[in-house]
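Below is one structure, written out as structure tokens; the observations come after it.
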Amino acid sequence: MGNKPSFGETDLPCPQPRQFPMLLWLLLLLTLRVTPKAFLLLNPPWSTNFHKDEVTLTCRDSLSPAQGDIYWYYNENLLNKKSEEIQIHKTGYYKCKTQRSSLSDPVHVDFSFDKLILQAPHSVFEGDEVVLRCQAREEAKEKRFYRNEIQIQSSFTLQSVSMNNDKYHCTALVRGFWTWNKEISKHLMIQVQELFSPPMLIASPSSPTEGSPVTLKCETWLPPQRSHIQLQFCFFREDKALGKCWSSSPELKLPTVWSEDAESYWCQAESVTPPIRKRSLRSQLYVQRIPVSDVTLELKLPTVWSEDAESYWCQAESVTPPIRKRSLRSQLYVQRIPVSDVTLEIQPPEGQLTEGENLLLICSVAKGTGTVTFSWHREGTVRSLGRKTQRSLSAVLQILTVKKSDAGRYYCAADNIHGPILSKLIRVTLRIPVSRPVFTLTFPRMQAMVGDVVELHCESQRGSPPILYRFYHENVTLGSSSVPSGRAVFKFSLTAEHSGNYSCEADNSLGVQRSDRVILSVTVPVSHPLFTFSPAVPQAVEGDVLELRCEAQRGSPPILYWFYYKNVTLGSREAPFGGGASFNLTLMAEHSGNFSCGADNGLGIQHSEMVILSIIGPPSNKTTLIAEGVTAGLLSILGLAVTAALVCHFRTQRNLERLSTTGTPSYSPREFKEPSRTSNTNPQEPLDPVEPQPVYNNVNPGDSDLVYSEIWSTQHTNENSANSPRKHWEDKEPTVIYSDLKKAYPDDSTEQASIVDSDLEDAVENYENVPCILSALDR
């Protein structure tokens with residue numbers, strides 16, 4: 001224990017432990033007698049400025065405002081100025097002093113002729129935020145900052161600077177006469193001053209006796225420029241914290257120390273903002289023992305409050321002999337400690353709440369005895385939000401289900417009879433979920449048409465920004481837009497497919513809300529209609545009922561159709577649900593000519609192409625012609641049949657006469673062609689076929705539609721029949737073929753073709769070929 005350094009000791013040789021306390025107090029007194037230094041303030045605060053700029057210097061000391069004359073020095077030369085402020089415009093070192101201070105540290109102020117300078121404020125302390133400025137005489141762009149030749153962000157603030165040797169400079173493009181020139185500033189080293197000195201631990205008394213109290217003090221000093229900084233302290237014995245750490249009081253009172261408490265002690269000091277922490281050297285505490293003498297009994301009351309201020313007395317009694325005596329009554333007076341360092345904390349810690357959550361306000365004091373009355377307030381309101389009186393150093397107020405009106409700045413007050421002490425203001429912000437958005441459509445006219453540009457508007461009346469809006473058509477996303485406030489707008493050009501349901505969504509990451517659906521009907525102009533007849537014939541008979549059909553392939557209903565004959569309106573029909581419309585017309589002789597139609601749905605009429613229709617005679621003439629044609633056809637067929645029978649009979653009679661005279665058949669060269677005997681010697685070689693020759697052709701009775709087409713006479717040839725004369729004559733007999741009975745149709749359509757096929761089948765059934773057979777060969 002004797003080898004440990006005592007309070008304030010260093011590694012240098014020190015006096016004996018019993019001599020050290022006296023020397024320490026002497027050193028402390030000498031330190032307190034040192035006159036504090038004055039300090040300079042610059043306005044503007046930059047130590048580097050352009051030539052011809054002007055800077056105001058202010059001389060201050062720890063007891064500002066300064067009193068008496070002020071002494072100013074420029075480059076160690078005394079200036080003939082006595083005021084607290086002076087204006088300068090020359091480069092050099094400046095100092096000052098007041099009557100109550102010593103000479104300040106020199107401050108170098110530079111008035112530069114450069115085109116580009118880097119500015120940093122003067123009087124920078126540990127933990128300060130330092131803003132650097134890159135300034136040019138002319139217009140500049142593309143400014144870049146460098147620390148130790150390494151580029152950093154283009155515009156920045158140095159967060160919590162420390163004492164180091166970093167060098168800074170900047171570059172920029174400065175406008176010249178013809179072009180932009182790159183300029184580089186001079187290097188700048190920021191002089192960072194110590195925020196507070198490392199603390200020194202002082203014990204009072206320095207050599208306590210056993211059973212006596214000891215007060216430990218963590219001593220440090222703040223510069224006058226930073227006297228508002230709040231410091232917190234913590235005390236340690238060896239490596240164990242004593243009491244409540246990080247108290248605003250620089251003292252810790254040990255009510256009683258004993259010989260076993262003679263150990264190593266040290267302390268730490270920390271600034272609240274910015275968080276700079278420093279610690280003292282370790283110091284040994286020596287505790288003196290008291291020899292045994294008169295015995296005194298003590299009763300320790302660990303804690304007394306204002307209500308403990310009453311009358312107290314004690315009684316002593318010897319055991320043998322039993323003698324009892326009592327003291328006089330003594331009045332105990334308890335002094336209340338006023339509350340101090342009132343702070344307000346909120347939960348959630350950042351003060352960011354969503355509407356509907358609960359807010360906790362925690363009000364606490366660093367010091368204060370007795371019952372403390374806590375109250376909570378919101379800035380701008382007269383009545384308090386709540387009040388609690390209790391014997392504690394903190395109290396909690398809960399605000400349930402916060403709403404938009406609860407946003408603002410809050411503070412609390414604490415009072416224990418000595419007057420209320422207020423905390424600092426803390427802002428509480430609310431994030432409000434979006435409300436159901438209102439969705440609207442805007443058109444350039446009363447009715448939406450194809451090609452119009454439509455605007456979709458979506459807006460939530462409530463909700464914290466930014467809000468992301470999404471637009472939907474039949475639940476398919478059209479697009480999105482994020483806006484900081486107000487409504488979102490989405491535009492597009494309409495097509496026929498854009499009819500349907502539209503809606504929008506609002507989302508600010510606190511929930512999604514969907515609007516009501518809005519139905520959009522896009523009106524499509526009608527296309528050119530198609531005009532047709534039913535039945536579809538180029539000519540019609542007078543008295544027929546003809547259906548006129550008009551239909552537009554595109555167009556929004558209802559559609560009104562107009563029917564025209566030679567541009568004269570015949571009538572109109574409406575298609576309420578779209579599609580086409582028909583108009584029945586009883587034909588008259590004067591209806592031959594051009595027919596057309598028009599379609600209109602309110603967006604302009606469209607006309608079809610003209611169709612020509614020819615009207616022929618009345619229906620009775622047609623029937624008469626058909627009947628006459630059929631009659632003539634039948635008479636012609638009958639006449640031809642009789643003629644063919646007579647010819648066949650005549651030929652048969654002639655052949656019989658020849659056979660009776662010669663014994664061989666006889667025939668005409670014109671009717672049959674005898675096969676060549678010289679050219680075809682091979683009996684197996686086939687003979688050339690002979691094409692059938694028409695005997696009767698195209699019998700048409702007048703204007704009738706019936707056509708008796710052809711009567712053919714065919715000659716059959718066979719192989720060489722020299723070995724079989726009988727077969728030769730059988731194969732070569734002339735045959736008369738009545739082909740068919742046809743009906744002529746004006747149009748060669750599929751339907752007519754099928755009718756012809758049916759007629760042919762009937763003809764086969766009603767007519768047959770009538771061959772002329774030479775029966776004499778059988779004989």
Side-chain angles (χ1 to χ4, degrees), residues 450 496 499 521 523-630 700 703-707 741-762:
V450 171
S499 292
S521 297
T523 303
V524 181
V526 293
S527 60
H528 289 282
L530 177 64
F531 179 78
T532 57
F533 294 121
S534 179
V537 294
Q539 62 183 12
V541 179
E542 181 181 359
D544 287 352
V545 176
L546 187 65
E547 181 184 358
L548 311 182
R549 180 73 178 174
C550 189
E551 183 174 2
Q553 300 299 319
R554 291 186 299 104
S556 299
I559 302 176
L560 182 62
Y561 291 94
W562 299 87
F563 297 86
Y564 303 97
Y565 167 65
K566 293 184 178 180
N567 295 327
V568 177
T569 303
L570 296 174
S572 63
R573 294 290 186 270
E574 185 179 25
F577 306 105
S582 299
F583 182 86
N584 295 328
L585 177 66
T586 302
L587 297 176
M588 293 182 292
E590 60 269 17
H591 280 156
S592 294
N594 296 327
F595 285 79
S596 64
C597 70
D600 185 15
N601 65 346
L603 302 178
I605 189 168
Q606 297 289 338
H607 293 277
S608 71
E609 294 182 355
M610 290 188 177
V611 178
I612 300 175
L613 179 66
S614 299
I615 307 298
I616 62 177
S620 58
N621 296 336
K622 181 176 181 182
T623 304
T624 303
L625 291 175
I626 294 174
E628 291 176 355
V630 171
N700 189 354
D703 296 331
S704 175
D705 294 334
L706 297 176
V707 178
L741 180 63
K742 299 182 180 179
K743 182 179 181 181
Y745 293 89
D747 297 326
D748 189 14
S749 63
T750 304
E751 181 181 2
Q752 295 162 354
S754 64
I755 296 174
V756 171
D757 294 341
S758 177
D759 292 343
L760 289 175
E761 292 177 0
D762 295 341

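Nothing here was measured: the structure is a model prediction, and the numbers come from that model.
- To the nearest 0.5 Å, the span separating SG on C597 from CG on L548 amounts to 9.0 Å.
- The backbone N or O of V524 lies less than 3.5 Å from a partner atom in the side chain of S556, making a donor-acceptor pair.
- Atom OG1 of T586 sits about 9.5 Å away from atom CG of L546, to the nearest 0.5 Å.
- Aromatic ring centres of F595 and F533: separated by under 6.0 Å.
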Query - Steps toward side chain to side chain contact (heavy atoms under 4.5 Å, CB included) verdict (L585, Y565) - result: CA-CA 11 Å; L585 177 66; Y565 167 65; over 6 Å; no

**Report entry** Verdict with reasoning, V526 to I605, per side chain to side chain contact (heavy atoms under 4.5 Å, CB included)
**Finding:** CA-CA 8 Å; V526 293; I605 189 168; over 6 Å; no

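- Separation of atoms CD (E542) and CG (L587) is listed at 8.5 Å; rounding is to 0.5 Å.
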Output side-chain donor-acceptor pairs under 3.5 Å for residues 569-579, partner residues at least two apart or in another chain, one line each.
none

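- Checked by atom type, the side-chain pair E547/S582 shows a donor-acceptor distance below 3.5 Å.
- Of the inter-residue distances, the one linking F531 atom CZ with F583 atom CZ reads 10.0 Å to the nearest 0.5 angstrom.
- Side-chain contact between T523 and V450 is absent, with no heavy-atom pair separated by less than 4.5 Å.
- Atom OG of S527 sits about 9.0 Å away from atom CD of E551, to the nearest 0.5 Å.
- Distance check, rounded to the nearest 0.5 Å: CZ of R549 to CZ of F563 gives 8.0 Å.
- Minimum interatomic distance between G580 and Y561 (heavy atoms only, all atoms of both residues): CA-OH, 3.8 Å.
- Residue pairs meeting the side chain to side chain donor-acceptor pair (under 3.5 Å) criterion with at least one partner in residues 588-617, sequence neighbours excluded, are H528-Q606.
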